[in-house]
Amino acid sequence: MVKVQVEIQLKSGLHARPTTRLVQEAMKYTSEITLVKGERSVNAKSMMSVLSLGATKGDIIELEVSGEDEDQAKNAILDILKSEE
Amino acid sequence: MILEGTGVSSGISMGKALVLEDENIAISKRGREPVEEIARFKDALGLAKEQLNTLKEKVAEEQRGILEAQVMMLEDPLLLNQVESGIREQSVSAEFAVEQVMDSFITLFEGMTDEYMKERSLDVIDLKKRLIKNLIGLVSSLNILPDDVIIVADDLTPSHTAEMDREKVLGFVLFRGGKTSHTAIMARSLQIPAVVGVSGEIMTGDFLAIDGASGVIYVNPDEETIEIMKERRKAIQERKLHLEKLKGVSTETLDGKRVELVANIGSIEDLEYVVKNDAEGIGLFRTEFLFMNRDTAPDEEEQYKVYKEILKTMAGKPVVVRTLDIGGDKDISYLDLPKEMNPFLGYRGIRLCLGETDLFKTQLRALLRSSIYGNLKIMYPMIASLTELQKANGILKEVREELSLQGLPFGEVEVGIMIETPAAALISDVLAREVDFFSIGTNDLTQYTLAVDRLNERITSLYDSFHPAVLSLVETTIKNGHANGIWVGMCGEAAGDRRMIPILLAMGLDEFSMNPSDILPARELIRSLKRDELEKLLVKIRGLSTGEEVRKLIDGLH
């Protein structure tokens, strides 16, 4: 399992469009991908759950990935969270 | 299970039922076996994705993002798991489980502080509606049908049928409606089997085998029945091939009396069937559909293009266009017509045209301008008095003068009227002097003569075009038309009726206008009849006192 903390750079936070991208990306991997914000942790492959985090720019998210392709998955998700749009 | 109704468009078809229901349908909690409900849910989900992806192509970039997000929501494993376990654990219907799960997401989003996130609940509400609609078969837009289906509904509106993906419809089963309802007429022109006036229960996903001739519907039939239906379908196919041979053959009786076999159409799309069935022209183009399902009336240019295309396609064959015949069963938002107690006796047909002269003039201008492209004939609907006819002709004259002044070309056009009120039939001797032809509209003529609402299911048995009163009016009209040297046609359902055709031939009807699919069988029938025998038949019929007696006599002939 890999774990990493990241500050969200997305201008509008995890709104519909970036979340769509994030979930689409997460689905490409077999690893379990979890996003943790404060006390809540959600499955990154669940659109509803990720949206319901209500994460905005500047929030600190913990990304946990475990599975065969965990490294690639971690990097891909990180890229999205760190991008600005 | 076997259900029965009235077969209104012949043919056999077999396939899955898609039940269309009303907007505000209550969701039933009780479902079938969980396995089946889960399968239904997955179908609805798949269909929803397909619908959203289709929609995505049509919208602006801005909205596309929202739709993409919705698709991802549908792929949410949490949603799938929760709905599936909801169905399994509570043994409820898929609709019920979807509503439960979606509602919990909606509450979640609504409770968020971020305004933007709050609004995401709208997406979920949207999806919930879409899924439930798909589940209960209320496909919001019929242009995206799941598979080849038999459409089951209370009744279909013209807008339903207009936007429907006809390729995917195998048949229609309606709980309401009769032989002359909109759907029945449309089904016949598309040659899709249809049964109406059915009572009983059908659920989306049921396998149906329907016989559009006898009106029998088998719900989830056994193998044996399916085999029998397949055999029958084959026989019908063979009959079709036989009828093909009558294309291009003259429509005349054994002793050489020629009549004209033409088609009724409601839109440009129907032209395909006109050509396919070898119609000798168009005896009735109902222009109403040009005016329906829209927010404003079609302008002159738009109408002109439609008429021109029809005339060009028909390449010199006669095309009778009926001017706007709205009222009664048709709802036109931009005309803002008040609700009437008796719309069929109200402001409609020529009455409306004479009241809304701008609308009428625009149509006449478009018609006259298109007339240079073929053999156009203009026909006014619902005439009941000489005054109405003279007024309509007066307006037509004005329009001709206007066009001449503007230097716009138009051709010679025959002008006729529908004979569909008993009044018009009875004074047809007077009316004949002012027109070039009559076309008898038996649907309304029967309804008005017998005072029977043709859409009222409780009295369908009273609606009878063979009633001696109706036959007498038809004969009077033909006689008066001929006495004044004009031709007389018929564009009601009766013109294509196998039992009516011999009577009409005997009366001397010149033109028979019917649904395209009835044309070849009618030609076959006419070619097997002889006039002197028909005349004897007519003498007998004149002596009969009920519709039943008339039908019995005709049935004895075959």
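Atoms considered below: every heavy atom in the structure, side chains included; atoms not considered: hydrogens, waters and symmetry mates. All chains are named by letter (A, B, ...) in the order of the sequence lines, taking the proteins before the strands, and each is independently numbered beginning at 1.
- Contact annotation for Met73(B): both backbone and side-chain heavy atoms come within less than 4.5 Å of a heavy atom of chain A.
- Proximity to chain A (any heavy atom under 4.5 Å) is shown, for Val71(B), by neither the backbone nor the side chain.
- Here Leu78(B) is the residue among Leu78(B), Leu80(B), Asp123(B) with the most heavy-atom pairs under 4.5 Å with chain A.
- Contacts between Ser12(A) and chain B at a heavy-atom distance below 4.5 Å are absent for every atom of the residue.
- Residue contact with chain B, scored on non-hydrogen atoms closer than 4.5 Å, involves the backbone and the side chain of Ser46(A) alike.
- For the side-chain contact (heavy atoms from CB on, under 4.5 Å) with Leu135(B), the lone residue among Glu37(B), Arg40(B), Glu99(B) that qualifies is Arg40(B).
- Salt-bridge formation is detected for the pair Lys37(A)/Asp59(A): a Lys NZ or Arg NE/NH1/NH2 atom is positioned less than 4.0 Å from an Asp or Glu carboxylate oxygen.
- For a residue to count as touching a neighbouring chain, one of its non-hydrogen atoms must lie under 4.5 Å from one of that chain's; by this rule Glu75(B) touches chain A with backbone and side chain alike.
- The nearest pair of heavy atoms linking Gln72(A) to Tyr29(A) is CB-CE2, 3.8 Å.
- Gln90(B) and Gln100(B) are linked by a side-chain donor-acceptor pair at a separation below 3.5 angstrom, with hydrogens and angles left out of the test.
- Summarising the geometry, atom CG belonging to Asp79(A) is positioned 10.0 Å from atom CZ belonging to Arg21(A); distances are rounded to the nearest 0.5 Å.
- With no hydrogens or angles considered, a side-chain donor-acceptor pair links Ser52(A) and Arg40(A) at under 3.5 Å.
- Using a 4.5 Å cut-off between heavy atoms, Leu53(A) touches chain B through its backbone atoms (N, CA, C, O) alone.
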